[in-house]
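Just below is one structure, and these are the notes that go with it.
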Amino acid sequence: MRNPIAATADLRRNQGGFNLIEMIIATAILGTVALSVASLFMMGRRNVYSGKEMTAAVSMATRVSEDLSGMTLDEVYTAFGIAKSDTAISGGTYDVTVDNTAPKRNLEFNTYTGSIIRRTTDTLVTTAGGNDTGRFLTRWKDEMDLNLRFANGTVNLVITPRNRNPLTAASITLNNATVVRIRTLVRWTEDNRPRQLIVDTLKTNRPNPPD
């Protein structure tokens with residue numbers, strides 16, 4: 001028959017718990033695994049949010065491009081209150097900045113020379129001769145805020161007249177420019193990080209046929 005004292009000692013050894021070092025090691029392993037899982041969840045959430053914002057920006061840029069594609073240059077000038085005069089598009093008056101506030105001012109392609117700018121963040125005037133006579137900026141802003149839920153997004157149009165041959169005219173005007181580039185910049189902030197999507201539309205300024 002087995003010694004009762006030895007049996008009791010074996011039972012106590014079998015019922016023994018973890019010591020302090022084992023608990024520290026187990027806690028460290030558990031903490032590392034939990035931190036890794038939490039990081040994966042956060043990265044996944046950030047990627048989903050980033051994809052949603054980019055999808056909204058692409059949708060907005062597509063809408064702007066579609067609206068502009070069906071317009072002539074004269075219709076563009078009228079819609080955005082641009083006077084087609086013989087004034088040369090040069091000098092400080094036509095040196096424009098898309099954004100003056102951080103963090104968007106640090107984005108590329110923020111300044112342009114010899115250009116005209118229209119923004120959804122400007123005070124929009126829809127009466128004749130105003131900067132949004134055609135109400136395009138107003139509709140784009142409503143589209144972002146109400147339908148796309150893209151409230152931190154902005155649409156910026158930079159209209160830049162150019163000549164195919166720079167020697168054909170001493171100074172470029174809206175009348176003598178042979179090509180006009182309309183650059184659409186959709187900008188937004190994502191976790192305090194500025195982002196932008198750029199789409200260019202080119203329109204040819206054909207001279208009127210002789211009488």
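One is the number of the first residue; the rest follow in order along the sequence. Note that these values count all heavy atoms, side chains included, but never hydrogens, waters or copies made by symmetry. Here the structure is a predicted model, which means the values were calculated and not measured.
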Taking [Y] as the starting point, is it possible to reach [X] by hopping between hydrophobic residues whose side chains are less than 4.5 Å apart?
X     : Y      : answer
Val76 : Leu124 : yes
Val96 : Val199 : no
Val58 : Ile182 : yes

Do the non-hydrogen side-chain atoms of [X] and [Y] ever get within less than 4.5 Å of each other?
X      : Y      : value
Glu53  : Asn152 : yes
Ile116 : Tyr94  : yes
Arg118 : Val155 : no

Query raised in the report: In terms of side-chain geometry, is the basic nitrogen of Glu190 or Arg193 positioned less than 4.0 Å from the acidic oxygen of its partner?
Result: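 Arg193 and Glu190: salt-bridged.
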Query raised in the report: Should Arg105 and Asp99 count as an ion pair when the cut-off is N to O under 4.0 Å?
Result: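 Answer for the salt bridge query: no.
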Query raised in the report: Given Leu185, which of Ile117, Leu107, Val158, Leu197 fulfils the side chain to side chain contact (heavy atoms under 4.5 Å, CB included) condition?
Result: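 Checked Ile117, Leu107, Val158, Leu197 against Leu185; only one passes side chain to side chain contact (heavy atoms under 4.5 Å, CB included): Val158.
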For residues 126-136, dump all side-chain donor-acceptor pairs below 3.5 Å to protein atoms at least two apart in sequence or in another chain.
from: Thr126; atom 1: OG1; to: Arg135; atom 2: NH1; distance (Å): 3.3
from: Asn131; atom 1: OD1; to: Val125; atom 2: N; distance (Å): 2.7
from: Asn131; atom 1: ND2; to: Thr123; atom 2: O; distance (Å): 3.0
from: Asp132; atom 1: OD1; to: Arg135; atom 2: N; distance (Å): 3.3
from: Asp132; atom 1: OD1; to: Phe136; atom 2: N; distance (Å): 2.9
from: Asp132; atom 1: OD1; to: Leu137; atom 2: N; distance (Å): 3.0
from: Asp132; atom 1: OD2; to: Thr138; atom 2: N; distance (Å): 2.9
from: Asp132; atom 1: OD2; to: Thr138; atom 2: OG1; distance (Å): 2.6
from: Thr133; atom 1: OG1; to: Thr127; atom 2: O; distance (Å): 3.1
from: Thr133; atom 1: OG1; to: Gly129; atom 2: N; distance (Å): 3.3
from: Thr133; atom 1: OG1; to: Gly130; atom 2: N; distance (Å): 3.2
from: Thr133; atom 1: OG1; to: Gly130; atom 2: O; distance (Å): 3.0

With no hydrogens and no angle check, is any side-chain donor or acceptor of [X] less than 3.5 Å from a backbone partner on [Y]?
X      : Y      : result
Gln196 : Glu108 : yes
Lys203 : Leu68  : yes
Arg119 : Val98  : yes
Thr55  : Gly51  : yes

If you compare all heavy atoms of [X] against all heavy atoms of [Y], which two are closest, and at what distance to 0.1 Å?
X      : Y      : answer
Thr189 : Pro103 : CG2-CG, 4.0 Å
Ala177 : Pro161 : CB-CB, 3.5 Å
Arg187 : Phe109 : NH2-O, 3.5 Å
Ala79  : Met71  : CB-CE, 3.7 Å
Leu148 : Ala56  : CD1-O, 3.7 Å

[X] side, atom [atom1]; [Y] side, atom [atom2] - distance, nearest 0.5 Å:
X      : Y      : atom1 : atom2 : answer
Leu146 : Lys141 : CG    : NZ    : 8.5 Å
Ile159 : Leu174 : CD1   : CG    : 8.5 Å
Thr184 : Trp140 : OG1   : CH2   : 6.5 Å
Leu157 : Arg183 : CG    : CZ    : 12.0 Å
Arg195 : Trp188 : CZ    : CH2   : 5.0 Å
Met60  : Phe150 : CE    : CZ    : 9.5 Å

Query raised in the report: Is there a donor-acceptor contact under 3.5 Å linking the side chains of Asn147 and Arg63?
Result: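 No pair is found: no donor N or O on one side chain lies under 3.5 Å from an acceptor on the other.
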**Report entry** With sequence neighbours excluded, residues passing side-chain hydrogen bond (donor to acceptor under 3.5 Å, both in side chains) with Thr160
**Finding:**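 side-chain hydrogen bond (donor to acceptor under 3.5 Å, both in side chains) check on Thr160 returns Ser115.
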Report task. Tell me, yes or no, whether the heavy-atom count around Asn106 atom CG, taken from other residues, nucleotides or ligands under 6.0 Å, exceeds 12. Result ->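 Buried by this count: over 12 neighbours within 6.0 Å.
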Query - Worked check of side-chain contact (heavy atoms from CB on, under 4.5 Å) between Val180 and Tyr77 - result: CA-CA 11 Å; Val180 176; Tyr77 296 151; 3.6 Å; yes
